[in-house]
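Notes follow once the structure below has been shown.
Start at 1 and go down the list; that is how both ligands and their atoms are numbered.
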Amino acid sequence: MKVVLAYSGGLDTSVIIRWLKEKFQAEVVAYTTNIGQPDNPENLKEKALQTGASAFYCEDLRDKFVSDYIIPALQADALYQEKYPLATSLSRPLIASGVVATARKEKADTVAHGCTGKGNDQVRFELAFRYLAPELKVMAPVREWEFHSREEEMEYARKHHIPVPTTKKKPYSIDWNLWGISIECGLLEDPWKEPPEDVFQITVSPDRAPRKGESIVVGFEKGVPVSINGRTRSPREIIEKLTEIGGRNAVGRIDLVEDRLVGIKSREVYEAPAAVILHTAHKELERLVMTRELFNFKLFLAPWYAQLIYYGQWFSDLRECLDGFIKESQKYVTGEVKLKLLRGHCLVAGRRSPFSVYEEKLATYSQGDIFDHSAARGFIQLFGLPALLEGQRCRRNRK
Ligand code: ARG
């Protein structure tokens, strides 16, 4: 058996390498990615090889993550259950596709991940493996192995000279990438408890943010962010910059009780300053340039698209078809949005576009009004005809 493992360098995936070798005499290839987490994963090579991996791969997928995953989700206005920008969910199919490509290169017959049996991520990995490589065998050792506690797992690690974390385990589980940070466990499991300041990694507390806040202008071209304050930047640079600016103004904290795929509710805390700012700005621009019908239809589509990402159906036909529609819907989403970031709030202050369908001469209540007021009478007469018929029926029946 030859296995490619989605490797993070943490205790679980380290123990998995050893465990697969011991139980199945497997050859294990460790695969990891840079998707914008704080520690450079290139540094994991030695650790992986020492733990028993036969080879180590590390790919910098940051730009691919932005162009192929984050931008489509942004253009779809995808927020799971109206709030979560899906940072963790979006990263799983990307990592899974790298694992599959590596399995093909290495002629491996099996792929593996280190997710537990209770979360969403196992589903996302395994659906992606099915979509992309139905011929590969999938293993989820953490779900299958004999350790009943972290202590037993640590004991096994010590016995096999796997470096175990010396500091006390952080009380939270943290997943971190370019698009945001997901934080769970510990005292956050009580949905009534306010998150203590030490859970937050990149945002300051609103009461410690500058009193005056900061104003910014974000520019878009066909639904893709292309500038901040008039300066052209790559989408990834914009995300990195907005993470910083939003973070210092306490923007991007999200506290959410959400429905997991496996049926339970869980309390999650997210930090996603760039996602909050870009979603706010992007949708605001859509309000200005889209026809009423298109905008309303997109409002209805967004939760479906978000759910599809959350459910791990990224590589489905449905997503590809929807992307065709969404891409087409973005052709006029070009322009700028002015925002005020103020102590945890992201407030829209202005918007403009060469493709705006806002007509001041029609909207105005002051001089220069070109709206034909006399046309309203006939419009209401016909639009209100069903209302009239309904009203008359009521009156008849009341007699
Ligand atoms: N609830 C989020 C999701 O399902 C975040 C999961 C966080 N994962 C983690 N390993 N900490 O996408």
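- When the options W179, Y310, Y84 are evaluated for a side-chain hydrogen bond (donor to acceptor under 3.5 Å, both in side chains) with S89, the one that passes is Y84.
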Give the intermediate values and the outcome of side-chain contact (heavy atoms from CB on, under 4.5 Å) for residues Y305 and Q75. CA-CA 10 Å; Y305 195 95; Q75 295 183 335; over 6 Å; no
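- Atom CZ of R143 is surrounded by more than 12 heavy atoms from other residues, nucleotides or ligands within 6.0 Å.
- Every residue two or more places apart in sequence or in another chain was checked for a side-chain contact (heavy atoms from CB on, under 4.5 Å) with V357, and none qualifies.
- Judged as a salt bridge (charged side-chain N to carboxylate O under 4.0 Å, His left out), and not counting sequence neighbours, the contacts of R248 are E214, E244.
- Evaluation of the side-chain hydrogen bond (donor to acceptor under 3.5 Å, both in side chains) rule for H373 yields D369 as partners, not counting sequence neighbours.
- Within 4.0 Å of ligand 1, contacts by protein heavy atoms are made from Y84, T88, S89, N120, D121, R124, S173, D175, S182, E184, E258, E268, Y270, Y310.
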